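Since the model is a prediction, treat every value here as computed from it, not as a measurement.
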Amino acid sequence: MGNLDIALVRTFVHYFLHFVFPVFIALIFYRKTWKKTYLILLATMLVDLDHLFADPVFDPDRASVGFHFLHSYYAITVYFLMLFFKGNIRIVAIGLLFHMLTDLQDFYCWSH
């Protein structure tokens with residue numbers, strides 16, 4: 001596989017995990033309210049607004065986790081603690097933690 005092919009697969013996997021896989025999370029764990037749950041999981045994508053404070057805004061060779069303030073290890077600790085709450089807060093926590101895992105795999109599995 002050439003570099004262009006790898007970049008295309010990497011991009012596909014990244015966006016699949018961000019936008020499509022949450023449907024499966026919602027359907028498996030929140031079947032009765034899967035549509036609402038999916039929308040909440042999608043809303044957690046707003047965590048990427050912290051990229052707007054970086055220069056450059058997007059750098060494919062930079063790990064988001066540990067660099068951006070909403071992707072910091074302190075923030076991830078808060079997201080983990082949110083798992084112990086019930087209702088929508090737990091769904092937000094799941095979305096944020098899954099987002100961090102997606103960003104981690106994007107950097108460490110494809111770049112290095």
Side-chain angles (χ1 to χ4, degrees):
M1 235 195 249
N3 286 342
L4 180 60
D5 295 331
I6 291 172
L8 288 172
V9 171
R10 175 185 180 185
T11 302
F12 174 80
V13 169
H14 183 84
Y15 288 107
F16 175 85
L17 290 174
H18 274 322
F19 293 106
V20 179
F21 194 80
V23 170
F24 298 110
I25 294 172
L27 285 170
I28 292 168
F29 297 105
Y30 296 91
R31 181 166 290 284
K32 290 183 181 178
T33 59
W34 76 269
K35 291 177 186 174
K36 174 185 163 192
T37 300
Y38 176 65
L39 290 175
I40 293 171
L41 293 172
L42 282 184
T44 63
M45 294 290 294
L46 292 172
V47 73
D48 276 340
L49 288 174
D50 64 356
H51 290 245
L52 297 175
F53 295 97
D55 185 29
V57 172
F58 175 73
D59 182 356
D61 296 322
R62 176 176 63 215
S64 294
V65 175
F67 183 82
H68 303 290
F69 62 92
L70 293 176
H71 290 68
S72 70
Y73 295 107
Y74 297 112
I76 293 170
T77 301
V78 172
Y79 306 154
F80 177 78
L81 293 173
M82 289 167 57
L83 287 173
F84 296 98
F85 290 82
K86 293 182 179 181
N88 293 343
I89 293 175
R90 182 176 291 164
I91 297 169
V92 169
I94 292 167
L96 291 169
L97 290 170
F98 189 73
H99 184 99
M100 298 305 134
L101 286 172
T102 297
D103 285 358
L104 278 171
Q105 74 76 35
D106 186 57
F107 183 75
Y108 290 105
C109 293
W110 298 95
S111 297
H112 301 86

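With hydrogens and angles ignored, the 3.5 Å screen pairs a side-chain donor or acceptor of D50 with a backbone N or O of L70.
The same ILVMFWY cluster, assembled from side-chain heavy atoms under 4.5 Å apart, contains both F98 and I76. Residues L101 and V23 fall into different hydrophobic clusters, defined by Ile, Leu, Val, Met, Phe, Trp and Tyr side chains chained together at heavy-atom separations under 4.5 Å. V20 and L17 fall within a single hydrophobic cluster, where Ile, Leu, Val, Met, Phe, Trp and Tyr are joined by side-chain heavy atoms under 4.5 Å apart, directly or via other members. Tracing side-chain contacts under 4.5 Å through hydrophobic residues (I, L, V, M, F, W, Y), one reaches I25 starting from I91; they form part of the same cluster. If you chain together hydrophobic residues whose side chains sit under 4.5 Å apart, M45 and L52 never meet in one group.
Between L97 and L83 the shortest side-chain heavy-atom distance falls below 4.5 Å. Residues I94 and I40 are not in side-chain contact: their nearest non-hydrogen atoms beyond the backbone lie 4.5 Å or more apart. The closest side-chain heavy-atom distance from L27 to Y38 is not below 4.5 Å. Within the 4.5 Å cutoff, no side-chain heavy atoms of L49 are placed close to those of H68. Between V65 and F107 there is no side-chain heavy-atom pair separated by less than 4.5 Å. Annotation: side chain of L41 is not in contact with side chain of W34 (no heavy-atom distance under 4.5 Å).
Closest heavy-atom contact between A54 and R62: CB-NH2, 3.7 Å. Residues A93 and M82 approach most closely at CB-CB, 3.5 Å, considering heavy atoms.
From N88, atom CG reaches atom OG1 of T37 across 7.5 Å, with rounding to the nearest 0.5 Å. One distance of note links OG1 of T11 with CG of D106; it measures 7.5 Å at 0.5 Å rounding.
The aromatic rings of Y15 and F19 sit parallel to each other, their planes meeting at less than 30°, with 60° as the upper class boundary.
The number of heavy atoms from other shown groups lying within 6.0 Å of CZ (F53) does not exceed 12. For F16, the CZ atom is densely surrounded, since the number of other residues' heavy atoms within 6.0 Å is greater than 12.
Residues passing the ring pair (Phe, Tyr, Trp, His ring centres under 6.0 Å) test with F80 are F84, sequence neighbours excluded.
Between the side chains of H51 and D59, not a single donor N or O lies within less than 3.5 Å of an accepting N or O.
For the side-chain contact (heavy atoms from CB on, under 4.5 Å) with T102, the lone residue among M100, Q105, H99 that qualifies is Q105.
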